[in-house]
Amino acid sequence: MLQIYNTLTKQKAPFTPLVEGRINMYVCGITVYDYCHIGHARVMVCFDVITRYLRSRGWDVNYIRNITDVDDKIIKRASENSESVEQLTERMIDAMHEDEDALAVLRPSQEPKATAHIDEIIALISTLVEKGFAYPASNGDVYYRVEKFAEYGKLTNQNVEELRSGSRVEVEEAKESPLDFVLWKAVKPGEVSWESPWGAGRPGWHIECSAMSKCCLGDTFDIHGGGPDLPFPHHENEIAQSEAANGCTYANYWMHAGPVRVNSEKMSKSLGNFFTIRDVLEKYNPEVVRFFLARVHYRSYIDYSEDSLKEARVMLERFYQALNGVAECEFSSEDAANAGINDFEQRFIDAMDDDFNTPKAISILFEMVNELNKFKKTSNASAAAVAHKIAELGCVLGILQQSPDAFLKGDDKEGELSAGDIEVLIQQRVTAKANKDYAESDRIRDELVAQGIILKDSREGTSWFRGS
RNA sequence: GGCGCGAUGGCAGAGUGGUCAUGCAGCGGACUGCAACUCCGUUAACGCCGGUUCGAUUCCGACUCGCGCCUCCA
């Protein structure tokens, strides 16, 4: 039984879909004015794992993740770069897709862009104005009338009185109340704009998600997800807009990924302490980065550091060392059953059904590794069966899909010994060993270790891998 | 100030009202020329104070400390 923690109710609850077997999920995506950072990567990987798992269990998942391609920051950056808004956003969308591909993040079912849904946005604002939940102001903007929506604050337990007294928002003269937020921004000179009943302008941030989710998934859908800083105000405002306009529940389950920290501080644009995905991929294997993100529960914070990336690397090495050298071997379902596969798989499913408990699921994979290592000495069929299942369950997490050799040996990089160089040195060492010249053979091994190359002697000969 | 979250062995990180998390590191063995890989065995933890209970790391309350949101941010 799938259980999901719901931010709205602050507890885990059994998941019940609106339509049997189908899951409609909307996740807030990226504002494309810069390269994605590792915090974005966390949200991408988190909902990718969730989608992969749900699909592996037979759910028909319709996963929508929007792209915000017009807003203040985009306009500012494009102007700084002396390029058009479209040029900037197209570049950043391409870069985002490259980053995702590297991290083995599957594309969402749809990636709607705000600028492609201006009509729907205007229609939604019109409805809100008609129903009295929004008003055009003297400055040309259209605002949402927060105090008109009785349930405002229900996602994050805010009460309007407290919000008003603690308000840090700059007071805009044209607003009826400082809590009101903008739905439509009047155009300023030189900015991109669209015509509307309230004059030329562009959508505010929150309204695009209400409009696009309605367009792609309808008035009510199953799961709404996003990053750790979105519950307030963004998701609170989405609820206010959509529920006021549509007159029904917006999303049944709210899921939020935890933050990425650097030196115990949140990684964020405003603090400037962020690492882009492409920066990190310069130094680490993409699978290591993905595993670093997937190995902690999705709601917990995660600390970014050299050590934690290295630890992820070491853990993956254990998986690939085990998968390495498993004899290609036919195995029957009986072999698999005897190897205990069914029990492991069920425990993996139980872990993932419990609010996507990836750390627990991974611990079960490690138990399987231990069995595999033992079977490698005793039974080819059992070993093959376990190895096959480890890879299959790994695929659900988006890991362990490379050949062990490819992961362990890595690609030849500039400044590092090539595979060819290494083979030559190994041959020299084999000769030295044959002559019992251990001083020489150890010298060669030390030389390789200094380059990060670890040797492994076995009955079949010497193999090597790039250590961490 | 308002609303939330967290505190687990040397580190990372799950979980549970009373017998194993898991990975790394450590220790003792096996294997090895010596290592590495692997295997066998093993050490070691539940912030503080009360309460409930036969029994609490796990439930309840207070406290201390840390963190997030309340301003654009995943």
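Chain A is the first sequence line, chain B the second, and so forth, proteins listed ahead of strands; every chain is numbered from 1.
- One atom, CZ of A:Phe465, and another, P of B:A35, lie 17 Å apart when rounded to the nearest Å.
- Taking atom C1' on both B:U58 and B:A25, the two are 27 Å apart, rounded to the nearest angstrom.
- Nucleotides B:C59 and B:U8, compared at atom P, are 15 Å apart to the nearest Å.
- Checked against a 6.0 Å centroid threshold, the rings of A:Tyr304 and A:Phe275 count as neighbours.
- Atom name C1', nucleotides B:G18 and B:C46: the rounded distance is 15 Å, in whole Å.
- For B:C73, the OP1/OP2 oxygens have no side-chain nitrogen or oxygen of A:Thr68 closer than 4.0 Å.
- Residues that satisfy the side-chain contact (heavy atoms from CB on, under 4.5 Å) test with A:Ser242, not counting sequence neighbours, are A:Ser210, A:Asn246, A:Tyr250.
- Among the heavy atoms of the strands, none lies under 4.0 Å from A:Met44.
- For A:Arg202, the salt bridge (charged side-chain N to carboxylate O under 4.0 Å, His left out) criterion is met by A:Asp72, A:Glu191, not counting sequence neighbours.
- With respect to A:Lys76 and A:Glu80, a salt bridge is recorded, a charged nitrogen being found less than 4.0 Å from a carboxylate O.
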Hey, what are the protein-to-nucleotides 26-33 of chain B N/O distances that come in under 3.5 Å?
unit_1: B:G33; atom_1: N1; unit_2: A:Asp442; atom_2: OD1; d: 2.9
unit_1: B:G33; atom_1: N2; unit_2: A:Asp442; atom_2: OD1; d: 3.4
unit_1: B:G33; atom_1: N2; unit_2: A:Asp442; atom_2: OD2; d: 2.7

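- Listed pair A:Trp464 / B:C37 fails the phosphate criterion, with no side-chain N or O lying under 4.0 Å from OP1 or OP2.
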Dot-bracket notation for RNA chain B, counting Watson-Crick and G-U pairs under 3.5 Å, with | for partners on another strand: (((((((..(((.....[...))).(((((.......)))))....(.(((..]....))).))))))))....
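- One P atom belongs to B:G68, the other to B:A36, and the distance between them is 41 Å to the nearest Å.
- Contact annotation for A:Val260: base contact, defined as any heavy-atom pair under 4.0 Å involving a base atom.
- Across B:G15 and B:C5, the matching P atoms stand 16 Å from one another, rounded to whole Å.
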Kindly list each side-chain donor-acceptor pair under 3.5 angstrom involving residues 23-39 of chain A, sequence neighbours excluded, with atom names and distances?
unit_1: A:Tyr26; atom_1: OH; unit_2: A:Asn66; atom_2: OD1; d: 3.4
unit_1: A:His37; atom_1: ND1; unit_2: A:Gly39; atom_2: N; d: 2.9
unit_1: A:His37; atom_1: ND1; unit_2: A:His40; atom_2: N; d: 3.3

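- Distance A:Phe344 CZ to B:C20 C1': 13 Å, rounded to the nearest Å.
- Straight-line distance between the P atoms of B:C39 and B:G23: roughly 9 Å, to the nearest whole Å.
- Looking at heavy-atom distances under 4.0 Å, A:Gly467 makes no contact with the nucleic acid at all.
- Between A:Lys360 and A:Asp350 there is no salt bridge, since no side-chain nitrogen of the basic residue lies less than 4.0 Å from a carboxylate oxygen of the acidic one.
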Please list, for nucleotides 21-24 of chain B, all pairs of protein and nucleotide N/O atoms separated by less than 3.5 Å.
unit_1: B:G23; atom_1: N2; unit_2: A:Glu311; atom_2: OE2; d: 2.4
unit_1: B:G23; atom_1: N3; unit_2: A:Glu311; atom_2: OE2; d: 3.4

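- Note: A:His206 and A:His234 have tilted aromatic rings, judged against thresholds of 30 and 60 degrees for the angle between ring planes.
- The stretch residues 221-236 of chain A participates, sequence neighbours left out, in these salt bridge (charged side-chain N to carboxylate O under 4.0 Å, His left out) pairs: A:Asp229-A:Lys266.
- By the 30° and 60° cut-offs, the orientation of the rings of A:Phe47 relative to A:Tyr63 is tilted.
- To the nearest angstrom, P of B:G4 lies 18 Å from CH2 of A:Trp254.
- For the pair A:Asp354 CG and B:G15 P, the computed distance is 7 Å after rounding to whole Å.
- For the side-chain hydrogen bond (donor to acceptor under 3.5 Å, both in side chains) test, no residue two or more places apart in sequence or in another chain qualifies with A:Ser463.
- Nearest-nucleotide assignment on RNA chain B puts the 5′-proximal partner with A:Tyr298, out of A:His40 and A:Tyr298.
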Please set out all donor-acceptor pairs under 3.5 angstrom arising from side-chain atoms of residues 390-402 of chain A, sequence neighbours excluded.
unit_1: A:Glu392; atom_1: OE1; unit_2: A:Lys389; atom_2: NZ; d: 3.3
unit_1: A:Glu392; atom_1: OE2; unit_2: A:Lys389; atom_2: NZ; d: 3.1
unit_1: A:Gln401; atom_1: NE2; unit_2: A:Ala391; atom_2: O; d: 2.9
unit_1: A:Gln401; atom_1: NE2; unit_2: A:Ile399; atom_2: O; d: 2.9
unit_1: A:Gln402; atom_1: NE2; unit_2: A:Glu287; atom_2: OE1; d: 2.6

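- Contact annotation for A:His297: backbone-only contact, meaning every heavy-atom pair under 4.0 Å involves sugar-phosphate atoms and none involves a base.
- Set against B:C69, B:C72, B:U38, the side chain of A:Lys73 has B:C72 as its closest nucleotide.
- Listed candidates were B:C3, B:G13, B:C69. Nearest to the side chain of A:Phe232 is B:C69.
- Protein atom NE2 of A:His37 is 16 Å distant from nucleotide atom P of B:C72, rounded to whole Å.
- In this structure, A:His256 has its ring center under 6.0 Å from that of A:His235.
- Atoms NE2 (A:His235) and P (B:A74) sit 11 Å apart, rounded to a whole Å.
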Pairs: protein N or O with nucleotides 64-68 of chain B N or O, under 3.5 Å:
unit_1: B:C67; atom_1: O2'; unit_2: A:Arg261; atom_2: NH2; d: 2.9

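- Salt bridge absent: A:Glu83 and A:Arg77 never bring a charged side-chain N and a carboxylate O closer than 4.0 Å.
- In this view, A:Asn324 and A:Pro404, A:Asp405, A:Leu408 satisfy the side-chain contact (heavy atoms from CB on, under 4.5 Å) rule, not counting sequence neighbours.
- Across all strands shown, A:Leu230 has heavy atoms under 4.0 Å from sugar-phosphate atoms exclusively, and none from any base.
- Here, B:C48 and B:C54 have their C1' atoms 25 Å apart, quoted to the whole Å.
- Residues passing the side-chain contact (heavy atoms from CB on, under 4.5 Å) test with A:Arg429 are A:Lys433, A:Ser441, A:Ile444, A:Arg445, A:Leu455, A:Asp457, A:Thr462, sequence neighbours excluded.
- Residues A:Lys374 and A:Thr156 each lie close to RNA chain B; by heavy-atom proximity, the contact nearer the 5' end of the strand is made by A:Thr156.
- When rounded to the nearest whole Å, the span between NZ of A:Lys409 and P of B:C37 equals 16 Å.
- Salt bridge status for A:Glu447 with A:Arg443: present, with a side-chain N to carboxylate O gap under 4.0 Å.
- Following rounding to the nearest Å, A:Lys310 (NZ) and B:C11 (P) show an atom-to-atom distance of 17 Å.
- Within the nucleic acid shown, A:Asn357 comes within 4.0 Å of sugar-phosphate atoms alone, with no base atom in reach, counting heavy atoms only.
- Nucleotides B:C67 and B:G47 have their C1' atoms positioned 15 Å apart, rounded to a whole Å.
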